[in-house]
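All remarks here apply to the structure that follows.
When a ligand or atom number is given, it counts from 1 through the structure's own listing order. Just so you know, these numbers come straight off a predicted model, no measurement behind them.
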Amino acid sequence: MQNQIHDRRGFLQKSALATLAALVGTEVVFAEKIPPHYVPLAFDYDPLKGKSPDMKVLGDKPWNVETPVHLLDDAITPVEKMFVRNNGLIPAAPTDLTKWALIINGESVKTVKTYSLSDLKKRFKNYTYQLVLECGGNGRSGYEPQTTGNPWDQGAVSCAEWTGVRLKDILADVGLKDDAVYIGYYGNDPHLSQDPTKVAISRGVPIKKALEDETLIAWAVNGRDIPLEHGYPLRLVIGGWPASVSGKWLHTIAVRNKIHDGAKMEGHSYKMPIRPVEPGEKIPETPENFRIIESMPVKSLITYPKTGATIDIKKTLALRGHAWAGDRDVSEVHTSVDYGTTWQKAKLERPKNRLAWQHWTADVTFPQQGYYEVWVRATDNKGVMQPMVIPQWNPGGYLNNACHRIAVKAV
Ligand SMILES: Nc1nc2c(c(=O)[nH]1)N[C@H]1C(S)=C(S)[C@@H](COP(=O)(O)O)O[C@H]1N2
Ligand SMILES: [Mo]
């Protein structure tokens, strides 16, 4: 798949050159000498510019930036506190939005169609949903031995308000053949190697998930354009599943007659072993040994207070946070201040819409001065509870939904 920075021969496209000139505010001298497939440094976009100073950078090639849990305290995550997860390079922003096109193709569409941004905005009904995007590897740093992949703590999650059109409305417009089983996305981000024949990531979901009301092709988040690092000008947003299915810089959706076979659909990427494996055990990465991760498991966070806080013993401490459970709802949240010996039921709000996180609050008091840990544990509507310890080790380090804990000092 070609990216939109380079042309077929690998030279910078005229539009990319124009963007570069605009970015640096002057002429690009020796533009004709820029080697094929070279990405000018000016395109080395710094996503930290739009971020809270307390964000935690895990790496800059590719950019991966985590949100410390106490920064997730807002009901709706503001963009400056949204984690960033990239597999490739952040592409240059398109200079001419009228040229941005979304192509719907693949074996299982009746007609291949192309939509401009204004087609999408005007021809189809617009919807806004709060959607939880959580990286499948959120919590990975808890696994022992460590696995490959970013060692996320608990902050690779967000719940923002996305606006766009329903993918199902677009798919109805192109028409699906009876053999449609999966969709796969293609985005505009160059592969880390800058080799234009390589794709950084191209994942997808079964057609049933693609056709849910909340599956959006979005151009806005929290009422504004999507920031470049989060997929400007267009992205897929699919709540409740690993956020790797929410393709950024979206230009193509393929409707497939088989499980999508794009980049990061192979090996153990975003997959769990079907049988328990010993920590560190190597098992053959064949499809029979693994299942693709679908709905994310039940989880909760304490977003206030920040771990390490000093609390006034004479006052009631009003804890708060969020809880979510992939495709399910959360039915109960409990907190404990005595290492899980006793649990107290928290007050839990309904989600704003399906696949949004739910806010919880709990008033706790401490019996005497000293050091405490506060634990939180959510239970989903099928009775599934978060484990208190790290769950079963797996080769990709996915789905660690162990209880979140904070330390406080009561004085
Ligand atoms: N085109 C493209 N889409 C992508 C990715 C990417 O690298 N390229 N990363 C995916 C992964 S693994 C995650 S967790 C989410 C992160 O979304 P965010 O950076 O907007 O928080 O985007 C997903 N969509
Ligand atoms: Mo991810």
Show which atoms of ligand 1 fall inside a sub-4.0 Å distance from at least one heavy-atom site of [X].
X	result
Gly247	3 (N), 24 (N)
Ile201	2 (C), 5 (C), 6 (C), 7 (O), 8 (N)
Asn86	7 (O)
Tyr270	12 (S)
Val84	19 (O)

So, regarding [X] and ligand 1 (criterion: nitrogen or oxygen to nitrogen or oxygen, under 3.5 Å), is there a contact or not?
X	result
Phe83	yes
Asn87	yes
Trp249	no
Ser246	yes

**Request:** Flag the pair Tyr372 / Val364 as yes when at least one side-chain heavy-atom distance between them is below 4.5 Å, and no otherwise.
**Result:** no
**Fill in**
Honestly, for Trp152 the part within reach of ligand 1 (heavy atoms, under 4.0 Å) is neither
**Prompt:** Looking only at heavy atoms, is any part of Arg235 under 4.0 Å from ligand 1, and if so is it the side chain, the backbone, or both, or is it neither?
**Reply:** side chain
**Asp179-Ser108 side chain donor-acceptor pair, cut-off 3.5 Å** = yes
**salt bridge (Lys or Arg N to Asp or Glu O under 4.0 Å) contacts in which one or both residues fall within residues 61-79, not counting sequence neighbours** = Asp73-Arg320, Asp74-Lys81
**Asked** What is the ring orientation for Trp343 with Trp375, classed by angle as parallel under 30°, tilted 30 to 60°, or perpendicular over 60°?
**Response** tilted
**Prompt:** Taking the six-membered ring for Trp, are Trp357 and His359 parallel (under 30°), tilted (30 to 60°) or perpendicular (over 60°)?
**Reply:** perpendicular
**Message:** Between Asp60 and Trp63 (side chain of the first, backbone of the second, donor and acceptor by atom type, cut-off under 3.5 Å), is there such a pair?
**Reply:** no
**Message:** Looking at Pro233, is its backbone amide N or carbonyl O close enough to the side chain of Asp225 to form a donor-acceptor pair, meaning the two atoms are under 3.5 Å apart?
**Reply:** no
**Fill in**
The side-chain hydrogen bond (donor to acceptor under 3.5 Å, both in side chains) partners of Thr147 (sequence neighbours excluded) come to none
**Item:** Distance, nearest 0.5 Å, that separates CD1 of Ile406 from CG of Leu301
**Value:** 11.0 Å
**Prompt:** Quick one: which of Pro227, Ala200, Pro47, Ala243 has a heavy atom closest to atom 15 (C) of ligand 1?
**Reply:** Ala243
**Request:** Select the closest option to atom 8 (N) of ligand 1 among Asn138, Val245, Asp189, judged by heavy-atom distance.
**Result:** Asp189
**Asked** So which heavy atom in the protein is nearest atom 16 (C) of ligand 1, and how far is it from that ligand atom?
**Response** Arg85 CB, 3.7 Å
